Amino acid sequence: MAKITIDGKTIEVADGTTILQAARMIGPDVAPPTMCYYSKLKTSGGYCRTCLVEVSKGSEKDPRPMPKLVASCRTTVMDGMEVKNNSSEKVTDARKGVVEFLLLNHPLDCPVCDQAGECHLQDLSYEHGSAKTRTDFERRNFEKINIGNYIQLHMNRCILCYRCVKVADQITDGRVHGVINRGDHAEISTYIENAIENDFSGNVIDVCPVGALTDKTFRFKSRVWFTKPENAHRDCPTCSGKVVVWKKGDDILRVTGRKDQWGEVEEFICNTCRFETKKTSDWTIEGPSPINNHSVISANHYEVFEKPQELTINQIRPLAIDQNND
Amino acid sequence: MGKKLLLANDHIPGIQSYDVYRSNGGYLSVEKALKTLKPEDIVEEVKKSGLRGRGGAGFPTGMKWSFLAKPEGVPRYLVCNADESEPGTFKDRYLMSRIPHLLVEGMITSSYALGANTSYIYIRGEYYYVAQILEKAIAEAYQNGWLGQNILGTGYNLDLHVQVGGGAYICGEETALLESLEGKRGNPRIKPPFPAIAGLYGCPTVVNNVETIAAVVPIVNDGGDSYAAIGIGKSTGTKLISASGHIKKPGVYEIEMGITVEEFIYSEAYCGGILNNKKLKAVVAGGSSVPILPADKILTTPAGEKRLMSYESLSEGGFASGTMLGSGGFIVMDEDTSIVENLYTFTRFYHHESCGQCSPCREGTAWMEKLLHKILDGHGTLADVDLLWEIQSKIEGNTICPLGDAAAWPVASAIRHFRSEFESFVSNGNAKHPIN
Ligand SMILES: Cc1cc2nc3c(=O)[nH]c(=O)nc-3n(C[C@H](O)[C@H](O)[C@H](O)COP(=O)(O)O)c2cc1C
Ligand code: SF4
Ligand code: FES
């Protein structure tokens, strides 16, 4: 076991736990933001650098501070370690830099993006970015790519978190999905638009933190916040069949995996459930979904994170959704 | 002229071939090592020698070797880093193409010391002809019983392979190199684990620079102490310097650590002074990644002493007034050189070579290049210079691998020491040096 203190709050965790996991155990107010780490995907994390923290004391044995900020998602705890996240000016400063870098080539056209309302980059820039952009250079521009019948890739919005690459690697068999080119020319590729024909390929949509990979069966049918998420299940031979159906009236517009407090799916679902099972009669509805989208548009989100002790995050639904449906 | 250890036989005609190399004392270190020394004795000699990694970081080689994990039943690997892509650095190419057997010999002796039975030389794609020279040398070594099964009848087996890279600077970063060697995209790994624990194919691995491995030969032949007797302080032995730029005699020089920078630039034995007898303006002392220094700061330390060609002396004064020995790529600039233009070239390089994994380096290098282009084009503002400073400070220290730092330091040092040049560019309103 290792004792670790993050922003003054102490917790004891198993050896091998990362700083990020420990912070999440303490609670949302000390948990660093993440854009590339995904607890369900092996070797994820380390890329985006939004989760950088300051280690002000290395361990009980070696109390020296670490010379550089470290990626909390890829750094394991040591007994007696002391970490500063929100309480470190260096972290705040570096994170602001990271947000600016991530937005540098990201189109600022949230109003027309399908991900608006459930975009982690939108949240991140709202919480940690600065209001003004300091670049007037042209942004990267790519053609939209259809990855098979169900998925669309728009590289303009991609922040190269590598999550979808890990899904392709770890969830699907026969990987045809990867990164080509280097630096800011790097792009997600399926080696010349090879469809990912795999039962679980649709999960790349759920893990995408931005609007780069979207569900073609849902694209622009409705704003997310005009739909009502409900937990539902069915007997599925391929996956657990536990999903969220996003309804407008009685119609199911979209099916996704169920996401936890951190916006990560609990279980990956199959393409049949996601893309081809959209009749209400196909599903057993369990009831309203716990809120999982911590978005700028769902205004309650901030209240939730300010008072985690009193409110269970799972009981809150975003304002916008409530307003729309009441 | 100082003592030479690596290039001592460089002048001998035909030294590239096995017979001439062997008849001039070649492969003696292998005989000595395999027949008379235990692997740990060699590690001990290398520790005593004070040899530090010549790939850029200067990490003590003996210490690196002693960190190598040795779990039962798991192979260990020695990988030679011959990716040499740092602008201004070309010493490894010189060594490998002139005296290829020195590297082969060093690989055998070092592999024996580390208990590796398969070793690799990873060489950049553009050095294809050098790879062919190495292949030939390796074939000769096999023919003469220095490689293969039961070497010298000692029971030690070693296979040595040359792997040609695709030509990416980032594949010189040791973990990206290992990825590439495994046949994957050359992205640096997130550390820990370090290669000494989990390197090539997940097995304990040592990655060393060409020059580092070559230096093991004289260390084993003459003993660590005699190597350590050369040089100054913790900068022991000799160092290959790739000298380029506005000097009379560009080329690769083997120096004893500790000669003065002034001697290196001006003496006939080395660079021979500034081309056309112009004035010295600035030096990038250790390859494009290290901070550029103006003439006064490269020649003298902050304490007012003559600066020496050594790890310690070059870094005296920290980044405020010092630099680094790095990989020994010594680029000299005369009074007519545009620092801003030169910086643009460097920055364009780092932008092009960033692997793109981590956001500060991927986005920051591209942004800095665009800003410098704008400044050179005459459209820059003072705010752009400040923004450049900001961007480099947000990259430095926040990335997965040191390429981010390598891209940030040239920008920081150019602005730190030559700010007025940037300002004259932005205030003139039009470009003095339009880019074509
Ligand atoms: C971007 C980058 C490029 C590098 N290129 C080289 C190279 O071409 N050759 C080299 O020996 N080391 C290079 N290095 C350093 C290696 O990562 C590693 O430190 C070195 O090979 C270790 O060998 P040494 O201890 O003998 O110096 C590079 C490092 C970085 C970050
Ligand atoms: S610092 Fe640059 S080169 Fe190194 S891992 Fe990050 S993006 Fe790749
Ligand atoms: S979440 Fe840790 S680096 Fe991206």
Side-chain angles (χ1 to χ4, degrees), chain A residues 35-37 43-52 54 66-71 73-76 90-91 93-106 121 124 130 133-140 158-162 165 169 178-189, chain B residues 166-171 175-176 184-193 348-374 379 381 383-384 386-388 390-405 407-408:
Chain A
M35 293 299 289
C36 67
Y37 170 77
T43 71
S44 67
Y47 306 115
C48 71
R49 319 304 283 176
T50 53
C51 72
L52 289 175
E54 182 182 342
M66 291 194 181
K68 291 180 185 178
L69 303 182
V70 300
C73 67
R74 293 297 292 260
T75 311
T76 44
K90 267 199 242 166
V91 169
D93 200 41
R95 199 167 282 158
K96 214 165 139 185
V98 169
V99 174
E100 189 169 24
F101 287 135
L102 288 175
L103 287 173
L104 198 66
N105 270 301
H106 192 88
L121 187 56
L124 184 76
S130 46
T133 160
R134 292 190 287 180
T135 176
D136 46 12
F137 295 114
E138 249 178 65
R139 295 184 151 76
R140 306 195 295 170
C158 174
I159 57 155
L160 288 161
C161 69
Y162 278 71
V165 177
D169 245 359
V179 173
I180 55 166
N181 296 334
R182 279 198 306 244
D184 69 332
H185 300 291
E187 54 180 298
I188 303 297
S189 162
Chain B
Y169 172 60
I170 193 57
C171 290
T175 57
K184 302 181 191 145
R185 179 186 163 86
N187 279 1
R189 295 176 182 168
I190 292 159
K191 286 167 270 188
R348 203 173 46 163
F349 172 80
Y350 289 111
H351 169 211
H352 187 255
E353 298 297 335
S354 161
C355 84
Q357 270 190 116
C358 47
S359 31
C361 170
R362 175 182 69 238
E363 305 296 339
T365 52
W367 197 3
M368 294 195 301
E369 183 197 325
K370 286 183 185 153
L371 278 171
L372 279 162
H373 190 282
K374 181 178 168 194
H379 303 304
T381 62
D384 287 331
D386 294 335
L387 185 53
L388 263 181
E390 265 278 305
I391 298 170
Q392 67 78 23
S393 76
K394 290 279 165 38
I395 300 174
E396 192 204 353
N398 293 338
T399 58
I400 294 175
C401 90
L403 190 141
D405 298 340

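What's counted below: heavy atoms across the whole structure, side chains too, no hydrogens, waters or symmetry copies. Letters A, B, ... are given to chains in the order of the sequence lines, protein chains preceding strands, and every chain is numbered from 1. Computed from a predicted structure; not experimentally measured.
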Would you check if the side chain of B/Arg362 reaches a backbone N or O of B/Ser354 as a donor-acceptor pair within less than 3.5 Å?
no

Please state whether the side chain, the backbone, both or neither of B/Leu387 comes within less than 4.5 Å of a heavy atom of chain A.
side chain

Taking the six-membered ring for Trp, are A/Tyr162 and A/Tyr47 parallel (under 30°), tilted (30 to 60°) or perpendicular (over 60°)?
parallel

Chain B: which of A/Gly45, A/Ala94, A/Ala71, A/Pro67 shares the most heavy-atom pairs with it under 4.5 Å?
A/Ala94

Scored by heavy-atom pairs under 4.5 Å with chain B, the best of A/Thr76, A/Val70, A/Thr135 is A/Thr135

Distance from B/Glu363 atom CD to A/Leu160 atom CG, nearest 0.5 Å?
8.0 Å

Applying a strict 4.5 Å limit to non-hydrogen atoms, the region of A/Glu138 in contact with chain B is backbone

Report which part of B/Asp384 has an atom under 4.5 Å of a heavy atom belonging to chain A: side chain, backbone, both, or neither.
neither

Taking side chain as everything from C-beta outward and backbone as N, CA, C, O, which of these in A/Asn181 sits under 4.5 Å from a heavy atom of chain B? Side chain, backbone, both or neither.
backbone

Approximate separation, where rounding is to 0.5 Å, of B/Thr175 OG1 and B/Ile190 CD1
9.5 Å

Heavy-atom distance under 4.5 Å between the side chains of A/His185 and A/Ile180, does that happen here?
no

Among the options A/Lys68, A/Arg74, A/Arg134, A/Glu100, pick out the one with the most heavy-atom pairs lying under 4.5 Å from chain B.
A/Arg134

If you tally heavy-atom pairs under 4.5 Å against chain A, which of B/Ile395, B/Leu371, B/Ile391 wins?
B/Leu371

Let me know if B/Ala383 has heavy atoms under 4.5 Å from chain A in its side chain, its backbone, both or neither.
neither

Top of B/Pro360, B/Ser393, B/Cys358 for chain A proximity - count of heavy-atom pairs under 4.5 angstrom
B/Pro360

With a 4.5 angstrom heavy-atom cut-off, which part of B/Glu353 approaches chain A: side chain, backbone, both or neither?
both

Please determine whether the number of non-hydrogen atoms from other residues, nucleotides or ligands lying under 6.0 Å from atom NZ of A/Lys96 exceeds 12.
no

Can you tell me how far the CZ atom of A/Arg140 sits from the CG atom of A/Leu104, to the nearest 0.5 Å?
10.0 Å

Report yes or no: does B/Arg185 contribute a side-chain atom to a donor-acceptor pair with the main-chain N or O of B/Cys355 at less than 3.5 Å?
yes

Residue, of A/Val179, A/Ile159, A/Thr50, A/Thr75, that accumulates the most heavy atom pairs under 4.5 Å with chain B:
A/Val179

